[in-house]
*Asks:* 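Encoded as structure tokens, here's the structure I'll be asking about.
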There are 2 protein chains.
Amino acid sequence: MTEMSGGSSRGGGLVGRIGIGLQLDAIHMKILQVLRENGRISVAALAERVGISRASAYTRFEALRADGVIKRFTAEVDHVRAGLGITALVFVTVRQQMWKQFRAQLAQMPEVEYCAITTGQHDAMIQIRMADVAGVHALVTERLAGIPAVKATETVFILDEVLKRPYVLPSDRTPRQQSRRPSAEPTTPDSGVPLGKMRFVGAAEGRAEMRGEP
Amino acid sequence: MTEMSGGSSRGGGLVGRIGIGLQLDAIHMKILQVLRENGRISVAALAERVGISRASAYTRFEALRADGVIKRFTAEVDHVRAGLGITALVFVTVRQQMWKQFRAQLAQMPEVEYCAITTGQHDAMIQIRMADVAGVHALVTERLAGIPAVKATETVFILDEVLKRPYVLPSDRTPRQQSRRPSAEPTTPDSGVPLGKMRFVGAAEGRAEMRGEP
DNA sequence: GTTGAAATTAGTACGAA
DNA sequence: TTCGTACTAATTTCAAC
């Protein structure tokens with residue numbers, strides 16, 4: 001292996017994607033499980049840990065890659081050690097019909113590690129990494145707020161990242177949870193939880209056409 | 001490796017960590033840059049792309065790993081393809097002095113991909129991956145709300161993940177941004193931004209001793 | 001920190017079960 | 001399909017410079 005292909009999930013997104021392609025079985029899941037914990041494991045070692053032959057491991061490995069189930073391999077870096085010790089979340093309210101522009105602007109901000117469009121009070125949440133607190137302030141006030149598509153922002157700082165899992169898979173579930181039938185009634189089985197403890201926040205009004213691609 | 005990182009950030013967190021160990025130079029950064037984009041590249045190819053010899057690349061690579069700058073290598077999996085097409089954020093208000101318990105409970109919930117302690121209105125934000133919307137509801141009402149440490153939750157759904165960068169590094173910055181001096185005045189240089197467009201949210205009162213470790 | 005050569009391992013291409 | 005094996009190419013290790 002010399003190089004590696006780039007990712008393929010250009011503008012897919014979470015919603016409205018249909019699961020065509022490769023049907024994943026238990027062995028595929030096991031491969032993903034191993035690979036997400038150790039992305040640099042050799043295919044030979046992978047085969048052994050999964051319990052299949054080397055040849056099969058190569059075939060499945062390639063299939064998972066080609067099919068986009070595995071999007072890419074990456075190294076997790078300690079941000080503090082790398083000089084970006086400050087992490088913040090910025091909740092953004094986006095002006096209607098300016099999503100395309102918003103996305104385009106984000107693509108040009110390398111300090112943005114993650115951006116998700118959400119339901120609830122705000123329209124998007126972005127996570128940024130900075131060297132210092134002043135940098136966060138500068139980014140939000142100078143660059144984010146300067147985007148016409150941005151109507152308002154709300155910033156919170158991350159004090160500690162308690163956990164970050166490589167990637168959640170259905171196989172991580174216990175058998176009980178795994179076999180949860182969606183059933184006809186999505187309502188909660190009684191569990192003695194005090195009422196009013198939790199709250200689900202729906203989307204704001206007029207947020208239908210946000211799926212424009214940059 | 002099951003829980004957080006195998007590395008050193010056991011209870012370190014983001015705040016108050018001192019950058020001991022290996023001093024990173026420009027070549028280290030370049031290595032990280034390549035590795036975060038392609039975690040499976042061979043060290044030989046890495047050496048070529050960075051412009052150093054094979055042996056140096058091995059040495060530096062190992063040093064970065066051993067020092068915890070590189071926490072791990074992982075495969076990024078397409079959640080939809082893997083059967084977890086629903087992503088949600090749950091903002092949690094945690095009862096004072098029950099952080100330890102809260103963390104311990106989270107560690108036992110494999111569907112939680114990420115958890116960060118934040119300033120602002122809520123105390124923590126967790127990201128969960130589920131097969132369906134009912135699963136989110138079930139998790140929040142049955143399991144999260146059942147934790148005594150959890151005072152209240154607020155859930156929003158992620159409609160689309162616009163971008164997810166492998167990992168942000170200082171070298172991603174343009175020279176202009178990179179050389180930002182924190183200076184003595186952390187206030188915003190005038191940039192013609194409409195006032196009142198952004199808002200910084202500080203921590204709630206009485207959140208001093210949240211750094212208790214599980 | 002670099003080069004080069006040896007040992008090891010990875011990736012591929014077959015048939016056979 | 002999956003497995004086992006053999007073959008070729010590449011990588012890692014370790015030496016000396």
Side-chain angles (χ1 to χ4, degrees), chain A residues 1-8 19-77 81-82 166 169-171, chain B residues 1 6-7 21-78 81-83 166 169 171:
Chain A
M1 180 201 315
T2 318
E3 269 319 290
M4 196 122 279
S5 64
S8 56
I20 39 171
L22 186 71
Q23 190 75 14
L24 305 186
D25 60 21
I27 294 174
H28 284 122
M29 284 302 178
K30 214 165 175 181
I31 291 173
L32 293 176
Q33 203 167 347
V34 172
L35 246 29
R36 111 209 129 132
E37 282 165 14
N38 182 2
R40 265 185 95 84
I41 194 173
S42 71
V43 181
L46 174 68
E48 194 181 15
R49 283 186 61 175
V50 171
I52 56 176
S53 71
R54 265 188 355 141
S56 292
Y58 276 107
T59 307
R60 285 173 174 270
F61 181 88
E62 240 314 290
L64 286 170
R65 261 192 139 302
D67 228 62
V69 179
I70 296 173
K71 294 197 281 190
R72 73 180 144 200
F73 291 93
T74 187
E76 281 192 15
V77 173
R81 301 296 306 279
L169 294 174
S171 49
Chain B
M1 216 178 293
L22 183 72
Q23 190 76 12
L24 305 186
D25 59 22
I27 294 175
H28 284 121
M29 284 302 178
K30 214 164 176 184
I31 290 174
L32 293 177
Q33 203 168 349
V34 172
L35 245 29
R36 110 209 130 132
E37 282 164 15
N38 183 357
R40 265 185 96 81
I41 193 173
S42 71
V43 181
L46 174 68
E48 193 182 14
R49 285 186 59 174
V50 171
I52 55 176
S53 69
R54 271 70 51 83
S56 283
Y58 277 106
T59 307
R60 285 171 176 269
F61 181 88
E62 242 321 295
L64 286 170
R65 253 189 151 308
D67 227 61
V69 179
I70 296 173
K71 293 198 281 191
R72 71 181 144 199
F73 292 93
T74 187
E76 280 193 16
V77 173
D78 186 320
R81 301 297 308 279
L169 294 175
S171 49

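First the proteins, then the strands, lettered A, B, ... as listed; each starts at 1. For the numbers below, each heavy atom of this structure counts, side chains included, while hydrogens, waters and symmetry mates do not.
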*Asks:* Testing A:T74, A:L35, A:I70 for side-chain contact (heavy atoms from CB on, under 4.5 Å) with B:E76, which one passes?
*Replies:* A:T74
*Asks:* Picking from C:dG11, C:dT2, D:dT12, which would you name as closest to the side chain of A:V43?
*Replies:*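 The listed nucleotide nearest to A:V43's side chain is C:dG11.
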*Asks:* Report yes or no: does B:D67 contribute a side-chain atom to a donor-acceptor pair with the main-chain N or O of B:V69 at less than 3.5 Å?
*Replies:* no
*Asks:* How close or far is atom C1' of D:dT2 from atom NZ of A:K30, stated in whole angstroms?
*Replies:*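 Computing the A:K30:NZ to D:dT2:C1' distance gives 16 Å.
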*Asks:* I'd like to check the ring-ring contact (aromatic ring centres under 6.0 Å, His included) partners of B:F73; sequence neighbours left out, ordered by chain and number.
*Replies:*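 Applying ring-ring contact (aromatic ring centres under 6.0 Å, His included) to B:F73 gives B:F61.
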*Asks:* Can you tell me how far C1' of C:dT3 sits from CD1 of B:I52, to the nearest Å?
*Replies:* 14 Å
*Asks:* Between atom CZ in B:R40 and atom C1' in D:dA10, what is the gap in whole Å?
*Replies:*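 Rounding to the nearest Å, CZ of B:R40 and C1' of D:dA10 are 14 Å apart.
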*Asks:* List the steps and the verdict of side chain to side chain contact (heavy atoms under 4.5 Å, CB included) for A:V50 and A:R60.
*Replies:* CA-CA 11 Å; A:V50 171; A:R60 285 173 174 270; over 6 Å; no
*Asks:* Please give the angle, rounded to 10 degrees, between the axes at the start and the end of the helix from C:dG1-D:dC17 to C:dA17-D:dT1, where five pairs define each axis.
*Replies:*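 For the helix from C:dG1-D:dC17 to C:dA17-D:dT1, the axes at opposite ends meet at about 30°.
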*Asks:* Considering all heavy atoms of both residues, which atom of A:L24 and which atom of B:R81 are nearest to each other, and what is their separation?
*Replies:*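 Here A:L24 and B:R81 meet closest at CD1-O, 3.3 Å.
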*Asks:* Would the distance check show the side chain of A:R40 and the main-chain N or O of B:G39 forming a donor-acceptor pair, the cut-off being under 3.5 Å?
*Replies:*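 Yes.
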*Asks:* For DNA chain C, find the residues of residues 54-62 of chain B with a heavy-atom distance under 4.0 Å and give them by number; none if there aren't any.
*Replies:*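 Result for residues 54-62 of chain B: B:A55, B:S56, B:R60, sorted by number.
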*Asks:* More than 12 heavy atoms of other residues, nucleotides or ligands under 6.0 Å from CD of A:E48: yes or no?
*Replies:*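 Atom CD in A:E48 is not packed in, count stays at 12 or less.
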*Asks:* Please work out if B:S53 contacts a base, only the sugar-phosphate, or nothing of the nucleic acid, heavy-atom cut-off 4.0 Å.
*Replies:* base
*Asks:* Expressed in angstrom and rounded to an integer, what is the separation of B:I41 atom CD1 from D:dT11 atom P?
*Replies:*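 From B:I41 CD1 to D:dT11 P: 10 Å.
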*Asks:* Please find the pair of heavy atoms, one from A:I41 and one from A:A45, that lie closest to each other, and give the distance.
*Replies:* CG1-CB, 3.6 Å
*Asks:* CG of B:L46 versus P of D:dA10: gap in Å, rounded?
*Replies:* 18 Å
